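Predicted model only: the values in this text are computed from it and were never measured. By convention in this document, chain letters (A, B, ...) are assigned in the order of the sequence lines, proteins followed by strands, and residues within each chain are numbered from 1.
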2 protein chains.
Amino acid sequence: MKRVTIGDVAAHAGVSTATVSRVLNGGLVAESTAARVWEAAETLGYSPNALTRSIFAGRASTIGVVIRDLSSPFYLDLIRGIDEVATAADSPVLLANTNRGADREAAQVRAMDQQRVRGLVITAGETTDDHARRMAKNGTPCVVVARTAAGLHSVSLDDVAAGRLMAGHLAGCGRSRVGVISGRDRSTQVKRAEGLRSRLAEHGLPQPEEVQVGDEAEVDEAVAALLGRADAIVCTTGRLTVAVHAALTARGLRMPDDIGFLTMDDFPWASALGITVVAQPSYEMGRRAAEIIVEEPGSPVEVVFEPTLIARGSCGHASA
Amino acid sequence: MKRVTIGDVAAHAGVSTATVSRVLNGGLVAESTAARVWEAAETLGYSPNALTRSIFAGRASTIGVVIRDLSSPFYLDLIRGIDEVATAADSPVLLANTNRGADREAAQVRAMDQQRVRGLVITAGETTDDHARRMAKNGTPCVVVARTAAGLHSVSLDDVAAGRLMAGHLAGCGRSRVGVISGRDRSTQVKRAEGLRSRLAEHGLPQPEEVQVGDEAEVDEAVAALLGRADAIVCTTGRLTVAVHAALTARGLRMPDDIGFLTMDDFPWASALGITVVAQPSYEMGRRAAEIIVEEPGSPVEVVFEPTLIARGSCGHASA
DNA sequence: TAGTTGCATGTAACTAGTTACACCTGCTGT
DNA sequence: ACAGCAGGTGTAACTAGTTACATGCAACTA
């Protein structure tokens, strides 16, 4: 039950702990001694304590990730990207889900700080930015994902461009009365709606009607409010795609004939369902966020990714 | 840049580090002293080092999770369940993805051991069991998910029952020639096929034809090999559902009329697509696994969950 | 042969906390 | 008046490692 320590290995090999440490970390040691130490470590089943190493190094090897919403496909791919880079850098990923609770977000960021993570990827509201900036000042690189934040690294999407892509496609498909269902959170949603509006205006189309929705439960009502007055429903957040799609099909509406449907974020089944989406390169964004942490640039880096439209017909087909 | 330590707080409040520690952890301290310490901690922006605490406690507060396949919906829900319980127990989750590489699995389990995780949830092949048992002997509760393992805790599905559920539904829908597409891995697949075969036999139906598939790329070929000889395709692993479904629809086959389709693991879009599945309670399984770690039972616990059939018509409808 | 060099190793101080123990008050009981 | 006790606090040893520095010893040089 008692853990094997470096001292046990040292005693077994008949050397000091300093020598064992040197063998493990590649210092100057005679080959015969090294062999004895390796053998002792092997027979005792020694597993070096990463925590102790970290306290000496001043920080842990782990990369922290605070996730708003573990069930969203966007965040899942983001984590995959982060994990990929982290594993390559020998950094385990410390994950914390917040379920979009502001208090829980703050608590998790604080917890990550206490764990002395090597760096932190944050997908949380602005409330956590102050703490993140304090961490950054202490030498912990913090990367905000899906929006920008003054004084912090960020990896985000050109949300205005995403909105404009959507509007361009809608116009190309001959849709003129657009109903928008958007999430209640932050800047992302505002910018996408902004891009949508500006480009619709450029096409001489009327401004869209917009309904903000907190969670899945409110979606059906929102759809009901828009139907009749719209020939296309746009959903500006990927996490509501299932719910909006369900609300439409539950009414017997067929896409694209009865109604156009356009949403954010690609997902595995979009192709099978023929749903047109504006995709973000979520996996790449995760990779980039983790890379920033590994590289530790001196001044704030702002990476903006471009969205892509993947046309699959749920909104009709654009005329060239 | 230099981190605030307990010593700094102590100096600022004019007390010893022991007193600060007592204030933070609720020892015997005069109220006036405590107030001075809290104030000092506040003004200096003190954030206690969880690593140092852990090394004293002998282990970290984190719960490790080794995941085979981050893109599978089953594992995602599992993580959500684990995270939920872990957060309630003030334990961050240390996540490691292995992409189904045996060497990477072993390396990640070893890494978790070195991080001195409080407990470990493993969804990996049998190769890692030896190391897990060694960890268990050292006092780290290890829970194997999706299969059982001698001497270790486990949370799994009654896979034979899952196979039998599938066979029962197929028989009820009047399907007689069953083609099975299964993953190449471990016992899970074997048991599901076993359950399937036994119950098909009980119904007097011919034994199914089975094709094992390594990854998505091989699915189309497997489907091609089964078509014509089967009136229903069964997929015994959720991670191939998208690929099998795509292979079927790519051939213009409609479900359930042209071919029956039945697969494992529920997912958000199954309902929209009308796909009949045998579901595992993945979120609950994650919760249970984490609970075992928090409770630390003395002897190995084996929890087996029951699968549920969710009929949605992709295989036809069972007659009563 | 004495001095220099350099490899191999041990000693001890360090990381940032926790905690057993000793100590000093000040109050109560006899 | 003095022992006894309890509350409050500091000292120092402890966790499991890393590393700067000192030392020992052999080989090589002068």
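Toward the 5' end of DNA chain D, the nearer of the two residues Arg22(A) and Val4(A), judged by each one's closest nucleotide, is Val4(A). Comparing Ile55(B) and Thr17(B) by the nucleotide of DNA chain D that holds the closest heavy atom to each, the one mapping nearer the 5' end is Thr17(B). Looking at which nucleotide of DNA chain C each of Phe56(A) and Thr19(A) is closest to, the 5′-most match is held by Thr19(A).
Residues Arg116(A) and Thr140(A) bring no donor and acceptor atom of their side chains to less than 3.5 Å of each other.
Here the rule is side chain to side chain donor-acceptor pair (under 3.5 Å) with Arg118(B), and of Ser61(B), Ser54(B), Ser91(B) only Ser91(B) fits it.
A straight line from CD of Gln114(B) to P of dA16(D) spans 15 Å, rounded to a whole angstrom. In this structure, CG of Leu28(B) is placed 14 Å from P of dA20(C), rounded to the nearest angstrom. Here dA16(C) presents its P atom at 11 Å from CZ of Arg59(A), a figure rounded to the nearest Å. Between the CG atom of Leu51(B) and the C1' atom of dT15(C) there is a distance of 11 Å, rounded to whole Å. The distance from atom CZ of Arg53(B) to atom C1' of dA16(C) is 11 Å, rounded to the nearest whole Å. Following rounding to the nearest Å, Gln115(A) (CD) and dA16(C) (P) show an atom-to-atom distance of 16 Å. Rounded to an integer number of Å, the gap from CZ of Arg36(B) to C1' of dT9(D) is 11 Å. In this structure, Arg116(A) atom CZ and dT15(C) atom C1' are separated by 12 Å, rounded to whole Å.
Nucleic acid contact class of Val15(A) (heavy atoms, under 4.0 Å, all strands): sugar-phosphate only. Using a 4.0 Å heavy-atom cutoff across all strands shown, Ala30(A) reaches sugar-phosphate atoms only and no base atom. Among the atoms of the strands shown, base atoms are found under 4.0 Å from some heavy atom of Ser21(B). Note on Thr5(A): only backbone sugar-phosphate atoms sit closer than 4.0 angstrom, heavy atoms only; bases stay farther off.
Here Tyr46(A) does not reach the OP1 or OP2 of dA16(D): none of its side-chain N or O atoms lies under 4.0 Å away. Taking side-chain N and O atoms only, Thr33(B) has no distance below 4.0 Å to OP1 or OP2 of dG8(D). Distances shorter than 4.0 Å separate none of the side-chain N or O atoms of Asn49(A) from OP1 or OP2 on dT15(D). Under 4.0 angstrom from either OP1 or OP2 of dA16(D) there lies no side-chain N or O belonging to Thr52(A).
In this structure, Thr123(A) contributes its side chain and Arg68(A) its backbone to a donor-acceptor pair below 3.5 Å.
At a threshold of 4.0 Å, the pair Arg80(A)-Asp77(A) counts as salt-bridged, since one of the basic side-chain nitrogens sits closer than that to a carboxylate oxygen. Taking 4.0 Å as the cut-off between side-chain N and carboxylate O, Arg110(A) and Asp113(A) do not count as a salt-bridged pair.
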